[in-house]
Amino acid sequence: MQKNRDINELALFRMCFPEDWVRYTVLPATNEEIEGDSLTLREFYVFLGCHFFMACFKGISDRRLRWSSKPISMEAGAPYRLQEYMSYQRFDAITAALRFTDKEPPPFVDRFHEVREMIDEFNEHYAKNYCPSWLNCLDKSMNLWLDKHCPGFMSVPRKPHPLGNEYHSIADGDDGMPIMWRIKLQEGEDRPKNKAGKWAFPSKFEGTNPNSKRKYTKTSTLMCEMTEPIHGTGKIVSMDSGFCVTVGILHLHDLGVFGQALIKKRKFWPKGCPGDQIDEYFKGIPLGFAKTLRQDMEGIPFNIHCTRDDSFVTKMMSTHRLISEVADHITYRQKDDGTWVTYNYPEYLSRHNRSKHWVDNVNNRTHDPIGLEEVWHTKWWPTRQFTFICSVAESNAVHSRARAWRAPPTPQLEFHRSLAIQLMTNTICNDGLIVRRPGRIATRTRAEDEAGHELCTRAPFTGGWNTGINTWAKVTTRYAKLKCAGCNTKIRKFCQCNKKLPMCTECYGMHISQCNSTS
């Protein structure tokens, strides 16, 4: 199996994108509506690649200009043409027929029916294939949509794109390279009810916890749903003040997750947080002083971690105790007299400050520098949610490579353009395999023919085959890999009939077919 640092942009995107959902749901549902030939997985990716390539350029008002028969001009029109990859008639037919679910609508009104399966499949893909890090951030994302009559429309003024659909998202961020691994669309007043008047899609975290007999609230239900893949792992989830609900932190503790949430007073302080008394206690105390109020909340250790800042006291609720200073995380504050003071963050606050931007970083990359939704002009609301899924998958692909390379992420536009070209020129079959054309195989000798065909693996500390002495070259690398003669994949395998040619599994199969057809 290739490592993330060795594979190209298309393979990274497919790794982060729920392709099985496309194969088994989107393609069959679309083919029931489409005019002309059935849509294949290869053609779907070409269609997607056209949109990705459009998102590399701004200022082209009419989509048809990308398929214009006029010569490319510096003064007007698009600076490229897409007809060599897909005709405009076919592109338009796929756009009109594209469907995201093959399920029948329920007998009640569900305005989210078209996208419910899409979001579930995205979450299921990451739950099966991705293991989040020990520290995660739960926050909000916005998907821009200006029609206030769309399902779940919300206005969040503090966001860069305040109008549209709000998602709650959770991401981890090893080395500051966040991967968004779970999302939930906020339905608000449009959440459907069945004919009996009850919620049509109830959560397993609603009502009362049968073990602790503790009731769930709306916020605690959300916290438990978003962290479900890491229940029982002892991992940490850091949240902003929108999640400072005492019962939510306790529910997470019951489920084997350590939650911590920044505390802010709204009308009242949260349960178990005597905020006014804490502020009074910290008056006159030097900057950076940290202390924990330890409590026992229904048999669970419940802590209020506090740190003196310049004009306020930072408070955070959690069920784990960590206030030791972090030597490599220093902050600066300017006093009233103009002098500067430095102090080290305590560990709980260091974790929060390091992780609090992870979801925002993914959100920023989905719009950097040109958002996919800006060029995918659509009046059909489910398509806009699909662009959000695609953009998140692309951002995750960029950060996956950055983690593997241990280097800063590739600029989004650079990755975006390479991915678009690879999508438009892909050779993917409907079963997900890539059809490769192996390079010209050298003519074999009779001795090589008599050796038979068998895919073998070179021994450790060996390189290429030395024809001068008929043995393997010695190297200092234990598992040295060579490029496959057919597709340039780095491997250690070769066919017994010709040791000079490294060969991967797929090219070996073609090699056998070629030999059988010529024998």
Non-hydrogen side-chain atoms of [X] and [Y] separated by less than 4.5 Å:
| X | Y | result |
| --- | --- | --- |
| Phe494 | Leu501 | no |
| Pro502 | Lys481 | no |
| Ile34 | Arg90 | yes |
| Ser395 | His399 | yes |
| Met15 | Leu12 | yes |
| Tyr45 | Glu19 | yes |
| Pro229 | Lys235 | no |
| Trp381 | Arg111 | no |

Quick one: pull up [atom1] in [X] and [atom2] in [Y] and give me the separation to the nearest 0.5 Å.
| X | Y | atom1 | atom2 | answer |
| --- | --- | --- | --- | --- |
| Tyr167 | Met180 | OH | CE | 11.0 Å |
| Trp358 | Asp174 | CH2 | CG | 7.0 Å |
| Phe386 | Thr378 | CZ | OG1 | 11.5 Å |
| Thr25 | Arg99 | OG1 | CZ | 14.5 Å |
| Arg458 | Trp472 | CZ | CH2 | 6.5 Å |
| Lys193 | Phe108 | NZ | CZ | 12.5 Å |

Say whether, by atom type as modelled, one donor and one acceptor occur between the side chain of [X] and the main chain of [Y] under 3.5 angstrom.
| X | Y | value |
| --- | --- | --- |
| Glu117 | Thr101 | no |
| Trp67 | Met86 | yes |
| Asp102 | Ala29 | no |
| Arg81 | Ser69 | no |

Run the side-chain donor-acceptor check on residues 145-163: report pairs under 3.5 Å with partners two or more places apart or on a different chain.
residue	atom	partner	partner atom	Å
Asp147	OD1	His149	N	3.0
Lys159	NZ	Lys140	O	3.2

Would you call the rings of [X] and [Y] parallel, tilted or perpendicular, where under 30° means parallel and over 60° means perpendicular?
| X | Y | answer |
| --- | --- | --- |
| Trp380 | Phe100 | parallel |
| Phe122 | Tyr126 | tilted |
| His51 | Trp376 | parallel |

query: Do other residues, nucleotides or ligands put more than 12 heavy atoms under 6.0 Å from Glu35 CD?
result: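 Not more than 12 within 6.0 Å, no.
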field: CA sep, side-chain torsions, deciding dist, call: Ser169, Ser141, side chain to side chain donor-acceptor pair (under 3.5 Å)
entry: CA-CA 6 Å; Ser169 316; Ser141 304; 2.8 Å; yes
message: ring pair (Phe, Tyr, Trp, His ring centres under 6.0 Å), that's the test. Do Tyr80 and Phe57 meet it? Break it down for me.
response: CA-CA 10 Å; Tyr80 57 89; Phe57 303 88; 4.9 Å; yes
Salt bridge (charged side-chain N to carboxylate O under 4.0 Å, His left out) assessment of Arg191 paired with Glu206: CA-CA 15 Å; Arg191 184 182 179 185; Glu206 290 181 327; 3.0 Å; yes
- request: Any chance you could lay out the salt bridge (charged side-chain N to carboxylate O under 4.0 Å, His left out) test for Asp172 and Arg403, step after step, and finish with the verdict?
  value: CA-CA 12 Å; Asp172 70 345; Arg403 288 186 184 184; 3.0 Å; yes
